[in-house]
Number of protein chains: 2
Amino acid sequence: MKLPLDTILEGDCIAHLESLPAKSVDLVFADPPYNLQLGGELLRPDNSKVDGVDDAWDHFDSFREYDDFTRRWLAAARRVLKDDGALWVIGSYHNIFRVGAALQDLGFWMLNDIVWRKSNPMPNFRGTRFTNAHETLIWCAKSAESRYTFNYDAMKALNDDLQMRSDWTIPLCTGSERLKGAEGAKVHPTQKPEMLLFRVLMATTKPGDVVVDPFFGTGTTGAVAKKLGRHFIGMERDPDYIAAAKERIAKVRPVADLSLLATPSKRTEPRVPFGTVIERGLLEPGTVLYGGEKAKWTAKVRADGTLVTADHRGSIHKVGALVQNAPACNGWTFWRMKKGDEMVPIDSLRQQIRAELH
Amino acid sequence: MKLPLDTILEGDCIAHLESLPAKSVDLVFADPPYNLQLGGELLRPDNSKVDGVDDAWDHFDSFREYDDFTRRWLAAARRVLKDDGALWVIGSYHNIFRVGAALQDLGFWMLNDIVWRKSNPMPNFRGTRFTNAHETLIWCAKSAESRYTFNYDAMKALNDDLQMRSDWTIPLCTGSERLKGAEGAKVHPTQKPEMLLFRVLMATTKPGDVVVDPFFGTGTTGAVAKKLGRHFIGMERDPDYIAAAKERIAKVRPVADLSLLATPSKRTEPRVPFGTVIERGLLEPGTVLYGGEKAKWTAKVRADGTLVTADHRGSIHKVGALVQNAPACNGWTFWRMKKGDEMVPIDSLRQQIRAELH
DNA sequence: TGGGTGCGTGAATCCGTAA
DNA sequence: CTTACGGATTCACGCACCC
């Protein structure tokens, strides 16, 4: 049987996977429903409404139901993979642990878990948790014996000649890349950035390989596959998504020169919050800092990285400005600490941390 | 029964957990073993860890054994947690997916998965995978109904007044912090950096809280707990680790001034009803308040602490929301009063009353 | 054309307490 | 148990618009 290359199969992915010949494809990339279990509506501080994912396809009645669904599509995906093939799944804390456990139970062999570190995530509007600023991908081979594809040198080249790490900083899919329908509404609630698929396909497929995406959505996998000279087979239930994906992929021109896809890092100096100095134990809470000529002002360091004086509390910059009655202040150079008989600016601690971050 | 505070219990953690009273502790921090080995023994990973696979390996049986172990200690930990308590687990892709699924099955409620992004990870020497540059922590409440502790303001302060994200860049435990034995050998193969525990305990416990660490190792949790004015209960099977931990913790000096440990938050400040402002005579009934840009709306203060406009009557919050046609409104910041030529938010009156309450 | 400002928005398990 | 209500809560970008 010939594979339906570079096409989108409409309908349930499990049936379609079962219709493909066994051991016939090189890679599976899957972005399954996350089972978010959202509550009511959520408002921003400005009272605007957050457009959450409330689509029916993301709703499951129980973990058991989600597990059943997961194991069924994973088993079907494993069957169509070549023995040396591999699979990627993306998810969030709502579902990724269940997916990961299922992978292991089915005999997949984990190679890496990858953190997609979002440079511009949505904040936590109620101040109830840490900002949920990442998603997790799992990369696994069909089995522990698979001789999987990993383009080590391409990854190193993409990363300024340093080994590519397991955490990838990539922006959300926004702006002109984001598919919009009538009245500017997003076509798909969870469209992934092409940069993410670039990296996945560049790292773990060869030109001409066949990539199956069982939850094709609006076709990011297909668009990037075409661009990179890989074949795709998409599976998707929603005809509207399929239509948008077809139109999108038709516009894609394969790139001749793959080196154009390198994304050199910005090489910006890492921001070091003053709190890190405390957390690292370079200053103890309670330490006294001195500011101004002849140590005119003093302040005490708190465990949360703020300073206190008799009258003020806040960041090193804010308190520095307040005691001087100045509009602004660079706390790193204003405040000094005792070091033996000397007074040393606390900026030396930031230098030390930056050195460790390299 | 009195809790064995600030001590280390030698032996298996499951037995010790079962010996503690139910619903008695505030937090569990766990760094469980994750290396699966034939023969049923669960060992910590060390530097000689082999990547290869034993062909006789039976995935399902081994995973099941690990799952059994995991569910037993998690269930025991859940029993000793207060209903509003929480639990942290740290792991890598070898085990964290199984742990995460078990957590959800046992009724824990996930709050965040946190990525410990290592600034100085060990490179992948063979160039076969992405550099494994992170570990994953899961923070979860005992149940979805738990009113868990999250010191939002302290986290924001630690991060230069930006919300703390779910990815934390922290160096490995090296240098003088790393416990060394005879001939400079590492005492423990996977000693965690104190900075990691600092953030965990600062974020999710209050001073005086009781923290249980069932896999205490060389006592990073205990050392940071003591420093931050929290109580710990450690559990550990290896007497050598216990000895090293005791020596280490004995040297730790707690932060003396408790006021340096807690970050004041608006949520914990005493509630001041607007009526108190009237009762105290800080505003006369009949005073006109102004809301919105350029004082778009006006309202009159009534003697009972409500406001009236032409169309509405109610609390400062309710009327503020009604005139704006908004779902909610903070009347303290929305409404302003005339003070000379200036317009001052009525929140200044609340500040005044709160100051007098001290 | 160019810089500055303002607005919209993204896979979100997003309140706590008293009556 | 539910209901009511006080009042606390946002970061990084892309784009439109304006002078």
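Chain letters run A, B, ... following the sequence lines, proteins first, then strands; residues in each count from 1.
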TODO: Select base, sugar-phosphate, or nothing to describe what Asn132(A) touches, counting heavy atoms under 4.0 Å on all strands.
DONE: sugar-phosphate

*Test item: side-chain donor near acceptor, Gln351(B) and Asp347(B), under 3.5 Å*: yes

Ranking dT10(D), dC15(D), dA8(D) by distance to the side chain of Lys266(B), first place goes to dA8(D)

Taking dT17(C), dA11(C), dT9(D) as options, the one with an atom nearest any side-chain atom of Asp58(A) is dA11(C)

(request) Examine dG6(D): is either OP1 or OP2 under 4.0 Å from a nitrogen or oxygen in the side chain of Lys318(B)? Give yes or no. (result) no

Re dA18(C): Watson-Crick or G-U wobble partner, both distances kept under 3.5 Å, found to be dT3(D)

- Say whether Trp139(B) and Thr204(B), considering side chains only, have a donor N or O and an acceptor N or O under 3.5 Å apart. no

Self-check item: Separation of the P atoms in dT13(C) and dA4(D), to the nearest angstrom
Solution: 28 Å

When the P atoms of dC15(D) and dA11(C) are considered, how many whole Å apart are they?
-> 16 Å

### Message
Determine whether the aromatic ring of Phe125(A) stacks with the base of dC14(C), defined as ring centroids separated by less than 5.5 Å and ring planes inclined by less than 30°.
### Response
no

Item to complete: Could you tell me whether Trp116(A) contacts a base, only the sugar-phosphate backbone, or nothing, with contacts defined as non-hydrogen atoms closer than 4.0 Å?
Response: nothing

Note to self: Tell me whether Asp167(B) is salt-bridged to Arg117(B), with the criterion being a basic N under 4.0 Å from an acidic carboxylate O.
What the structure shows: no

Pick base, sugar-phosphate or nothing for Thr333(B), based on heavy-atom distances below 4.0 Å to the nucleic acid. nothing

Lys49(A) NZ to dT10(D) P, in whole Å, measures 22 Å

- Query: Gln163(B) near the nucleic acid: base, sugar-phosphate alone, or nothing, with a heavy-atom cut-off under 4.0 Å?
  - Reply: sugar-phosphate

Within less than 4.0 Å of OP1 or OP2 of dT10(D), is there a side-chain N or O belonging to Tyr152(B)? yes

Residue pair Pro45(A)/Ser176(A) against DNA chain D: nearer the 5' end by closest nucleotide is Pro45(A)

query = Do the charged groups of Asp84(B) and Lys82(B) touch, with an N to O distance under 4.0 Å?
reply = no

Rounded to whole Å, CG of Asp54(A) lies from C1' of dT13(C) at a distance of 14 Å

What class does the angle between the rings of Tyr66(A) and Phe60(A) fall in, given that below 30° is parallel, 30 to 60° is tilted and above 60° is perpendicular? perpendicular

Between Gln324(B) and Cys329(B), the two heavy atoms sitting closest are NE2-SG, 3.6 Å

To the nearest angstrom, the CG-P distance between Asp55(A) and dA11(C) comes to 12 Å

Of dA8(D), dC13(D), dT9(D), the nucleotide closest to the side chain of Ala328(B) is dA8(D)

Check: Looking for any heavy atom pair under 4.0 Å, which part of the strands does Pro193(A) touch: base, sugar-phosphate only, or nothing?
Finding: nothing

Of the candidates dG10(C), dG7(D), dT9(D), the side chain of Arg178(A) sits closest to dG10(C)

The nucleotide from dA8(D), dA12(C), dA11(C) with an atom nearest the side chain of Lys192(A) is dA11(C)

Among dC11(D), dA11(C), dG7(D), the one nearest any side-chain atom of Tyr34(A) is dA11(C)

From the candidates dA11(C), dT13(C), dG14(D), the one with an atom nearest any side-chain atom of Val53(A) is dA11(C)

Considering only heavy side-chain atoms of Arg126(A), the closest of dT13(C), dC15(C), dC11(D) is dC15(C)

**Message:** By the 4.0 Å heavy-atom rule, please label Ser92(A) as base, sugar-phosphate, or nothing.
**Reply:** nothing

Expected label for dT10(D) (glycosidic angle, syn inside 90° of 0, else anti) would be anti

So Gly175(A), base contact, sugar-phosphate only, or nothing? Heavy-atom distance under 4.0 Å.
sugar-phosphate

Return yes if a side-chain donor-acceptor contact under 3.5 Å exists between His317(A) and Ser315(A), otherwise no.
no

Notebook entry, point to check: Regarding Arg350(B) and Thr276(B), is there a side-chain donor-to-acceptor distance under 3.5 Å anywhere?
Noted result: no

- prompt: Under 4.0 Å: is that the gap between some side-chain N or O of Arg165(B) and OP1 or OP2 of dT10(D)?
  reply: no

### Message
Please verify the inter-ring angle class for Phe150(B) with Phe130(A); under 30° counts as parallel, over 60° as perpendicular, anything in between as tilted.
### Response
perpendicular

Rounded to whole angstrom, note down the P distance from dC5(D) over to dA12(C).
31 Å

Quiz item: Which part of the nucleic acid does Asp31(A) contact within heavy-atom distance under 4.0 Å: base, sugar-phosphate only, or nothing?
Solution: base

His188(A) NE2 to dG10(C) C1', in whole Å, measures 14 Å

Next on the checklist: If you compare every side-chain N and O of Arg44(A) against the phosphate oxygens of dT10(D) (OP1, OP2), does one of them come in below 4.0 Å?
Outcome noted: no

Rounded to whole Å, CG of Asp167(B) lies from C1' of dC11(D) at a distance of 13 Å

Donor/acceptor link under 3.5 angstrom from Arg129(A) side chain onto base of dT13(C): yes

**Prompt:** For Glu247(A), does the CD atom sit with more than 12 other heavy atoms under 6.0 Å from it, leaving out its own atoms?
**Reply:** no

Here the distance between atom P of dG6(D) and atom CZ of Phe334(B), to the nearest Å, is 15 Å

task: For Leu111(B), report the nucleic acid contact type (base, sugar-phosphate, nothing); a contact means any heavy atom under 4.0 Å.
output: nothing

With the side chain defined as heavy atoms from C-beta on, His317(B) is closest, among dC15(C), dG6(D), dT9(D), to dG6(D)

The Watson-Crick or G-U wobble partner of dT9(D), with both key distances under 3.5 Å, is none

Whichever of Gly184(A) and Gly127(A) has the more 5' nearest nucleotide on DNA chain C, that residue is Gly184(A)

Partner of dA11(C) under the Watson-Crick or G-U wobble criteria, both distances under 3.5 Å, comes out as none

message: Students often get this wrong, so: under 4.0 angstrom with heavy atoms, is Trp109(B) touching a base, only sugar-phosphate, or nothing?
response: base

- Message: Under 4.0 Å, heavy atoms only, any strand: does Pro171(A) hit a base, just the sugar-phosphate, or nothing?
- Response: nothing

Quick note, Asp46(A) side chain, CB onward, closest among dT10(D), dT9(D), dG14(D) is dT10(D)

Classify Cys173(A) by what it touches in the nucleic acid, base, sugar-phosphate, or nothing, heavy-atom distance under 4.0 Å. nothing

Subject >> Atom C1', compared across dG10(C) and dT10(D): separation rounded to whole Å >> reply: 12 Å

Just checking Gly40(A): base, sugar-phosphate only, or nothing, at a heavy-atom cut-off of under 4.0 Å?
base

Next on the checklist: Once you apply a heavy-atom cut-off of 4.0 Å, does Thr131(A) come out as touching a base, just sugar-phosphate, or nothing?
Outcome noted: nothing

Under a 3.5 Å limit on both distances, the Watson-Crick or wobble mate of dA16(D) is dT5(C)

Separation of dT2(D) atom P from Glu145(B) atom CD, nearest Å, is 11 Å

Between CE of Met164(B) and P of dT10(D) the distance, given in whole Å, is 14 Å

